[in-house]
Each structure stands twice: as structure tokens, then as C-alpha cells.
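Read through the structure below, which is laid out as C-alpha cells, and then see the notes.
These numbers come from a predicted model, not from an experiment. Just the heavy atoms: all of them, side chains too, but no hydrogens, waters or symmetry mates, feed the values below. Each chain gets a letter, A, B and so on, in the order its sequence line appears, and its residues count up from 1.
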Number of protein chains: 2
Amino acid sequence: MDIERAFGEVLRKERKNNSLSQEELAHFSDLDRTYISMLERGKRQPSLKTIFMLASTLNTLPSEIMVKVESLLNKKY
Amino acid sequence: MDIERAFGEVLRKERKNNSLSQEELAHFSDLDRTYISMLERGKRQPSLKTIFMLASTLNTLPSEIMVKVESLLNKKY
DNA sequence: CTGTAGACTTCCGTCGACC
DNA sequence: TGGTCGACGGAAGTCTACA
């Protein structure tokens with residue numbers, strides 16, 4: 001599991017928790033829909049600002065997103 | 001206070017807490033010294049991976065760094 | 001509603017050099 | 001030890017379009 005994939009998983013879960021489409025998330029976060037798609041699939045990694053904008057739209061804190069990413073990365077199978 | 005500056009402040013504090021020079025932090029994090037300098041001065045914003053690499057060198061968690069950045073941003077003067 | 005592709009602009013991150 | 005400059009390759013992020 002690499003960092004981008006872990007972030008993508010967390011992003012998708014949080015988006016669905018908020019009952020948003022990729023398009024809505026993109027719009028409210030001032031980002032592009034195709035870029036959200038790539039983030040969720042681990043094809044791109046966000047910058048610091050992007051993390052803050054997404055967290056704000058998802059009614060959570062950047063630090064809480066990071067906690068979830070960290071716990072995904074620490075899971076051993 | 002913008003996001004990059006807040007991050008830069010936190011980075012510099014954490015680096016000094018660990019008694020590292022910019023050059024040492026750069027080396028152990030596999031980054032460039034000039035880039036660390038720009039990060040600390042809020043001239044660049046790190047990507048997700050960069051945050052993880054820096055946190056690891058600084059013996060802390062990415063989420064803990066984010067908490068500190070968030071609290072700097074929430075300070076009202 | 002989402003994935004992907006291509007072309008595009010802006011910025012990240014490296015490197016060598018000098019102060 | 002840290003700040004800065006210029007040049008560079010590659011990646012972030014946008015946009016249009018089609019499946």
C-alpha cells in the first residue's frame with residue numbers, strides 16, 4: 001500500500017460519507033472533477049493546500065484525514 | 001497567515017526541536033537543502049509524500065504536524 | 001456518475017553556485 | 001549555517017471530449 005493509494009481510499013470513503021458525487025466535491029473544493037477521480041484512484045498526490053480544501057468540503061480536519069491515511073498504511077496483512 | 005507559512009513555521013520549530021540543520025533534515029528526508037529553505041520560508045508547499053518523509057525524519061506523525069498547522073491557522077490576533 | 005486521454009499551464013523539487 | 005538565483009525535468013491541476 002503506498003501513500004497515494006491510501007489517501008485515495010480515505011478520500012473516497014469520506015466523500016461517500018458526505019453523500020457527494022466527485023463532481024460536487026470538485027466544485028465545492030474548487031478543483032477539477034477529473035483530478036478528484038485521479039486522486040481517488042491513487043494516480044496523483046495532493047499538495048498541502050489541496051488537502052486543506054478537500055478536508056473543509058468534507059467537514060473534517062486535514063489532521064483527521066492524515067490519521068486515517070496513517071492507519072491504512074500501518075495495517076499489516 | 002496562509003497555509004504555506006504556517007507549515008513553514010511548524011517545520012522550522014520541529015527541525016530545531018530535533019537539533020538538525022536544514023542540510024541534515026534535507027539529507028535524511030531525501031530532499032534538497034534549498035527546498036527545505038523555501039518550505040520553511042513559506043515559498044513552496046509540500047506534497048503529501050514530502051510531508052510523510054519530513055515527519056518521519058522529525059520523529060513525528062504527519063497528522064501531528066497537521067494539528068500544529070491547523071492550530072497556527074486558527075489563532076486570532 | 002465515473003474513468004480515461006491528450007494537451008496545456010503552473011508549480012514542485014533538484015542542482016550548482018555565490019553570498 | 002542559511003538565503004537566494006537561474007535553469008531544468010517532472011508532476012500537479014485544468015479543460016474538453018468520449019465511453
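A distance of 11.5 Å separates CG of A:D2 from CG of A:L72, quoted to the nearest 0.5 Å. Between atom CD1 of residue B:I36 and atom CZ of residue B:R44 there is a gap of 12.5 Å, rounded to the nearest 0.5 Å.
Phosphate contact (OP1/OP2 of C:dG3, side-chain N/O of A:R12, threshold under 4.0 Å): present.
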Contact list (N/O, under 3.5 angstrom) for nucleotides 15-19 of chain D vs protein:
| residue | atom | partner | partner atom | Å |
| --- | --- | --- | --- | --- |
| D:dC15 | N4 | A:T34 | OG1 | 3.1 |

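Rounding to whole angstrom units, CG of residue A:D30 and P of D:dT14 are separated by 8 Å. Atom CZ of B:F7 is separated from atom P of C:dC11 by 19 Å (rounded to the nearest Å). One interatomic measurement links the two molecules: CD of B:Q22 to C1' of C:dT14, which rounds to 15 Å at whole-angstrom precision. For the pair A:I3 CD1 and D:dA11 P, the computed distance is 15 Å after rounding to whole Å. When the C1' atom of D:dA11 is taken as reference, atom CG of A:D2 falls 15 Å away, rounded to whole Å.
Residues from residues 36-50 of chain A lying near DNA chain C, meaning a heavy-atom separation below 4.0 Å, are A:S37, A:R41 in numerical order.
Applying the side-chain hydrogen bond (donor to acceptor under 3.5 Å, both in side chains) test to B:T60 and every residue at least two apart in sequence or in another chain returns B:E64. Taking A:K49 as the reference, B:E4 meet the salt bridge (Lys or Arg N to Asp or Glu O under 4.0 Å) condition, with sequence neighbours excluded. Evaluation of the side chain to side chain contact (heavy atoms under 4.5 Å, CB included) rule for B:D32 yields B:T34, B:Y35 as partners, not counting sequence neighbours. In this structure B:R33 satisfies the side chain to side chain contact (heavy atoms under 4.5 Å, CB included) test together with B:Q22, B:E23, B:A26, sequence neighbours excluded.
A:V67 and B:V69 end up in different hydrophobic clusters when Ile, Leu, Val, Met, Phe, Trp and Tyr side chains are linked at under 4.5 Å. B:L48 and B:L39 fall within the same hydrophobic cluster, where Ile, Leu, Val, Met, Phe, Trp and Tyr residues are linked whenever their side-chain heavy atoms come under 4.5 Å apart, directly or through other members.
Residue whose closest nucleotide on DNA chain D sits further toward the 5' end, between B:S21 and A:E4: B:S21.
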